[in-house]
Amino acid sequence: MQMMRKKTRQVQVGGVMIGGEAPISVQSMNTTDTADIAATLTQIKELAEAGCELTRLAVPDATAASALGEICRQSILPIIADIHFDYRLALAAIKNGVNGLRINPGNLRDPEGLTQISAAARKRRIPIRVGVNSGSLNRRMIEYYGGITAEAMAHSALAAVRQLEETGFEDICLSVKASDPSLTISSYRLLSELTDYPLHLGVTEAGTAWEGTIRSAVGIGTLLAEGIGDTIRVSLTADPCEEVKAGYAILRALNLRQRGAVLISCPTCGRTQVDMLKLAKEVETRLIKINAPLTVAVMGCIVNGPGEARAADIGLAGGQGEFVLFKKGEIICKLDEDIAVETLFSEIEKMEQESGERAQ
Ligand code: SF4
């Protein structure tokens with residue numbers, strides 16, 4: 001069932017639309033040193049292959065800001081510069097061709113600096129995300145609202161919005177990320193009631209790939225299920241491609257985006273006749289690069305396995321040292337265990353080509 005999305009204004013970051021009727025985009029943040037141009041471009045390529053649509057780069061100093069010029073020239077993804085403390089880094093990033101900015105109102109409050117950023121961004125027609133973070137919330141807001149509360153988070157973002165609006169700038173996206181998913185949810189709910197600017201969802205400092213994915217799925221997923229949110233970033237202490245993978249899994253779980261394959265794998269039991277853990281892990285890893293919206297099943301026995309494998313677009317059901325390969329409900333062949341995954345992926349790639357989804 002498709003939920004009703006809250007109607008928001010639209011901004012454009014490079015070629016990606018955020019808000020309005022645009023699909024909910026999946027973004028990430030490079031973990032590379034921005035000053036290392038080659039490493040940053042390599043990771044951008046990896047992110048793009050994983051399905052990332054926008055990436056953010058840290059701009060901690062002038063060296064990083066100047067590296068943005070070459071990165072933006074060569075990047076295959078739109079680049080958002082992440083700016084803290086120093087408005088001059090934002091100006092340098094804009095001059096060097098970034099497609100969007102993220103500023104933190106908790107540490108970038110100088111009205112004159114904000115006016116200069118807004119003028120430069122307007123001239124280049126790039127949007128600004130006001131990114132409030134529970135870890136760096138404005139002290140005055142914390143005192144006024146009696147702690148790090150949803151009100152303090154939402155009103156901190158709105159105060160920065162007013163400052164930008166006073167300079168005539170409205171090309172704005174907002175985020176109010178907390179490390180606590182409950183606070184994240186209540187902050188975004190409040191913000192969504194108070195504004196129609198598009199919202200970038202995320203649970204900040206969510207944790208490792210396992211814990212962080214769960215915390216993000218709860219925080220981001222709850223909001224998306226209520227129709228709130230226009231773009232998402234899953235924050236993980238992991239390879240950023242894992243963030244992209246988790247982001248699409250959340251969207252797929254809510255039927256909001258169909259990009260990429262869904263893996264159905266049996267939980268294993270006493271009937272399991274193949275090394276399911278190894279098999280599921282290998283298939284899951286290789287599916288990251290598949291863009292087509294396919295359902296892929298890998299099952300461990302001949303009891304429930306054939307049923308699930310038959311119902312999926314393509315699937316393997318395990319027997320003793322061999323698998324049966326199903327495609328669109330039909331048995332294609334029996335395969336020895338050692339060639340099962342290769343054969344499965346050569347069929348998946350054919351299906352992807354047929355569905356025309358390979359082009360990104
Ligand atoms: Fe057990 Fe077979 Fe079900 Fe897997 S598919 S959990 S092996 S009964």
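When a ligand or atom number is given, it counts from 1 through the structure's own listing order.
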> Near atom 1 (Fe) of ligand 1, which protein N/O/S atoms fall under 2.8 Å?
Replying inline: Cys269 SG
> If you measure from the Lys or Arg side-chain nitrogens to the Asp or Glu carboxylate oxygens, is any gap between Asp313 and Lys327 under 4.0 Å?
Replying inline: no
> Can you name the residues that form a salt bridge (charged side-chain N to carboxylate O under 4.0 Å, His left out) with Arg129, not counting sequence neighbours?
Replying inline: none
> Taking only residues at least two apart or on different chains, which pairs with a member in residues 160-179 satisfy salt bridge (charged side-chain N to carboxylate O under 4.0 Å, His left out)?
Replying inline: Arg9-Glu170
> Testing Val11, Val98, Ile80 for side-chain contact (heavy atoms from CB on, under 4.5 Å) with Ile126, which one passes?
Replying inline: Val98
> Hey, what else clusters with Met141 if you join Ile, Leu, Val, Met, Phe, Trp, Tyr whenever side-chain heavy atoms sit under 4.5 Å?
Replying inline: Tyr144, Tyr145
> Is it true that the side chains of Asp196 and Thr8 contain a donor and an acceptor less than 3.5 Å apart?
Replying inline: no
